[in-house]
Amino acid sequence: MTTESTTAPVSNFLRSIIDQDLKAQRHASKRWGGKPGPAQVHATADVDPARIRTRFPPEPNGYLHIGHAKSICLNFGLARDYLGACHLRFDDTNPEKEEQEYVDAIIDMVHWLGFDWKFQNETNLYFASDYFEDMYAFAEALIQGGFAYVDEQSPEQMRETRGTLTSPGTNSPWRDRPADESLTLLREMRDGKHPDGSMALRAKIDMASPNINLRDPVMYRIRHAEHHRTGDKWCIYPMYSWAHPVEDALEQITHSICTLEFEDQRPFYNWTLERLRDLGFLADPLPQQYEFARLYLSYVVTSKRKLRQLVVENHVNGWDDPRMPTLAGLRRRGYTPESIRLFCERIGVSKADSRIDYSILEQALRDDLDPKAPRSVAVLDPIKLIITNYPEGQSEECTAPAHPKDPDAGQRTFPLTRELWIERDDFRIEPEKKYFRLYPGNTVRLKYGYVVTCTGYKQDDQGNVTEVYVEYLPDTKSGTPGADSVKVKGNITWISVEHAIPATVRLYDRLFSDPHPDTGDKDFLALLNPNSLTTVEAWVEPGLVAEPGANWQFERLGYFIADREESTPEKPVLNRTATLRDTWV
Ligand code: ATP
Ligand code: MG
């Protein structure tokens with residue numbers, strides 16, 4: 001694990017469980033053969049040097065989003081804090097939707113968040129598809145043990161005979177067929193002799209169980225589909241709810257942490273592990289499943305299906321569009337790994353579902369960047385300011401701290417000249433109440449420069465202000481003894497017209513205008529905010545080098561990053577990560 005906790009971790013119910021398990025030495029005799037496998041791989045090995053094993057098990061069928069970050073920080077964080085190992089396991093049991101592209105992107109993002117899957121000299125990066133042989137052997141053994149059967153009902157028939165929450169299901173006519181017959185059929189299924197949906201392997205548990213998940217759940221189905229790693233070697237694939245406990249057990253996971261909707265699956269999880277233990281494939285202590293509440297963040301959707309739809313239908317510009325709640329999108333927007341980890345720490349872990357406001361994520365970003373982002377100046381909506389009593393062709397250096405809270409960061413300098421760019425909003429022909437910036441007759445400070453008094457302005461035919469005129473007071477330059485001789489209420493930022501660097505700046509608003517686009521039967525596409533992206537041609541401070549990924553706080557405007565894909569020092573493209581204050585109250 002590469003990331004150190006900066007503060008003592010906040011306790012939560014999972015930490016309490018682990019504390020108790022360690023105290024009771026629940027896993028103290030668990031062995032680890034150095035690689036995943038059934039009991040015999042571990043039986044004669046040393047005791048596992050990892051005190052706990054957790055896992056993050058994404059399905060490689062899309063990009064990771066902020067919800068996954070919660071699970072990543074939780075699982076990798078627990079392993080780090082308890083001197084354990086966290087495995088990155090690709091749960092690739094669903095061949096149609098999975099691709100190598102997603103595998104690569106997931107690896108990249110977990111690393112970016114600051115975590116890795118190394119423990120001592122182990123690299124705990126695994127694929128569920130590597131366990132297909134073991135899983136298949138277990139399936140045959142479960143049939144032989146009388147715990148599974150091949151059902152020739154159609155998927156529709158199975159659905160109809162499953163019963164409801166209030167009524168029991170009915171047994172399949174194939175339920176009591178001899179084990180040998182099921183075995184022969186399973187082998188034929190594996191050998192490609194039967195079409196998709198014609199039969200399935202089911203666990204033989206209890207069609208009258210009050211828990212519908214225990215009414216003979218399907219373990220294997222036929223899918224004549226190409227798998228991104230095993231190609232066409234298999235045409236039967238295990239179901240997630242059966243495969244998952246097997247994957248955990250092969251990897252000697254101690255604490256299998258998943259989201260609340262899997263609570264009802266826990267009995268089947270335990271049933272599977274106990275049967276396989278009784279058959280000699282697994283050894284105690286078995287993995288234990290625990291559930292926590294998933295993250296629901298306001299103003300975004302986090303279902304992969306909906307995120308994919310946004311991408312495929314071009315509502316956004318790809319998975320890493322800076323408006324997307326994907327980790328790739330957040331990175332491009334300017335979120336730092338530290339800010340996302342801080343956010344996950346702040347929201348905590350519990351068993352109660354709750355919605356987290358997007359502003360909490362933004363505040364974590366500000367809290368992370370405020371002490372470290374270098375300061376700079378930009379003008380997003382420029383009008384020209386002319387200092388009429390300042391000589392043409394003259395230029396002088398002004399000095400500002402690189403970071404106001406960090407004297408060690410040193411100073412930056414930039415030239416002041418007769419013509420400057422200022423924000424259009426910093427001038428009024430007629431000021432409203434409490435407006436302290438420029439208007440005819442008012443005096444303000446050009447930040448880090450001189451005090452100036454507004455003497456007039458020019459308008460075009462449409463009445464738009466095109467130029468603002470001021471006179472400066474020569475003895476008032478910031479940092480000189482005369483600086484405080486004139487008191488002013490307004491302080492405005494500016495950039496020398498001659499020296500300003502042009503930049504394309506993207507200003508973002510919420511992707512959705514509804515706080516909960518994801519809920520109920522809302523048409524989430526109809527709730528897209530049409531103004532989520534505004535692109536402006538702006539000016540930035542001379543000396544700013546827009547290397548991709550560089551970031552700044554532009555005074556008064558917020559945090560910005562040079563776009564990772566499109567920015568170059570010659571042609572800066574900057575994304576606003578967040579404003580300085582929450583403007584969404
Ligand atoms: P989807 O249903 O949108 O496809 P998923 O939950 O199936 O998402 P996986 O790739 O299976 O996505 O998720 C990997 C892990 O991340 C799971 O263990 C899951 O519990 C966790 N996870 C996914 N979404 C969230 C979320 N919003 N909050 C917390 N954990 C999450
Ligand atoms: Mg899933």
Side-chain angles (χ1 to χ4, degrees), residues 12 14 53-79 86-94 96-99 101-107 109-110 113 115 117 125-129 228 238-241 243-245 247-248 251 253 255-266 269 287 289-312 319 324-328 330 340-341 343-356 358 360-361 516-519 524:
N12 57 47
L14 290 166
R53 282 185 191 267
T54 58
R55 84 287 169 273
F56 173 64
E59 187 180 352
N61 63 352
Y63 282 68
L64 296 181
H65 53 63
I66 185 71
H68 291 114
K70 179 175 180 181
S71 178
I72 293 169
C73 291
L74 174 62
N75 281 295
F76 284 95
L78 288 173
C86 179
H87 301 185
L88 176 60
R89 178 204 309 147
F90 288 100
D91 216 317
D92 55 350
T93 52
N94 226 339
E96 285 106 330
K97 294 188 196 147
E98 296 159 0
E99 286 172 34
E101 176 198 346
Y102 299 131
V103 171
D104 297 339
I106 290 170
I107 288 177
M109 287 331 298
V110 178
L113 266 185
F115 298 105
W117 32 92
L125 175 66
Y126 302 115
F127 290 85
S129 54
H228 74 113
M239 298 297 285
Y240 180 84
S241 54
H244 199 81
E247 294 158 20
D248 283 346
E251 293 180 21
I253 298 301
H255 300 82
S256 176
I257 299 165
C258 52
T259 42
L260 280 178
E261 68 274 21
F262 291 100
E263 197 165 9
D264 291 346
Q265 293 284 359
R266 187 161 12 104
Y269 183 100
Q289 176 181 306
Y290 302 97
E291 305 87 21
F292 72 104
R294 71 175 36 235
L295 168 67
Y296 295 98
L297 191 63
S298 66
Y299 293 103
V300 302
V301 296
T302 48
S303 130
K304 273 188 247 172
R305 181 180 62 77
K306 289 178 182 167
L307 291 172
R308 185 176 304 108
Q309 202 177 341
L310 291 175
V311 173
V312 171
W319 286 99
M324 288 283 270
T326 53
L327 294 181
L330 289 165
I340 293 176
R341 295 202 302 265
F343 168 72
C344 290
E345 242 169 67
R346 285 182 178 170
I347 60 174
V349 175
S350 80
K351 282 189 88 81
D353 271 329
S354 70
R355 288 191 172 276
I356 304 292
Y358 198 87
I360 296 184
L361 178 62
H516 309 305
D518 226 351
T519 45
F524 76 108

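One-based numbering, in listed order, for ligands and for the atoms of each.
Interface of K304 with ligand 1, defined as ligand atoms under 4.0 Å from a residue heavy atom, comprises 1 (P), 3 (O), 4 (O), 8 (O), 9 (P), 10 (O), 12 (O). The S71 neighbourhood of ligand 1 comprises atoms 16 (O), 21 (C), 30 (N), with distances under 4.0 Å to a heavy atom of that residue. Contact atoms of ligand 1 toward P58: 10 (O), 14 (C) (distance under 4.0 Å to a heavy atom of the residue). Each of the following atoms of ligand 1 lies closer than 4.0 Å to a heavy atom of S303: 3 (O).
The shortest separation from a heavy atom of F262 to ligand 1 is not under 4.0 Å, leaving the residue out of contact. Ligand 1 does not have R305 within reach: every non-hydrogen atom of the residue lies 4.0 Å or more from it.
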Mind running side-chain contact (heavy atoms from CB on, under 4.5 Å) on S71 and F292 for me, showing each step along the way?
-> CA-CA 9 Å; S71 178; F292 72 104; 4.2 Å; yes
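The aromatic rings of Y269 and H244 sit tilted relative to each other, their planes meeting at an angle between 30° and 60°. The aromatic rings of F76 and F56 sit tilted relative to each other, their planes meeting at an angle between 30° and 60°.
The shortest N or O to N or O distance between R294 and ligand 1 is below 3.5 Å. The shortest N/O to N/O separation between N61 and ligand 1 does not fall below 3.5 Å. The shortest N or O to N or O distance between R55 and ligand 1 is not under 3.5 Å.
Summarising the geometry of K304 relative to G62, their closest heavy-atom pair is CD-CA, 4.1 Å, with the distance given to 0.1 Å. Heavy-atom minimum distance, L295 versus T302: O-OG1, 4.4 Å.
With rounding to the nearest 0.5 Å, the separation of CG in N94 from OH in Y240 is 11.0 Å.
Residue contacts with ligand 1, taken as heavy atom pairs separated by less than 4.0 Å, involve F56 solely via side-chain atoms from C-beta onward.
Results of the side-chain contact (heavy atoms from CB on, under 4.5 Å) test with P60 over E99, E101, E98 single out E98 as the only residue that passes.
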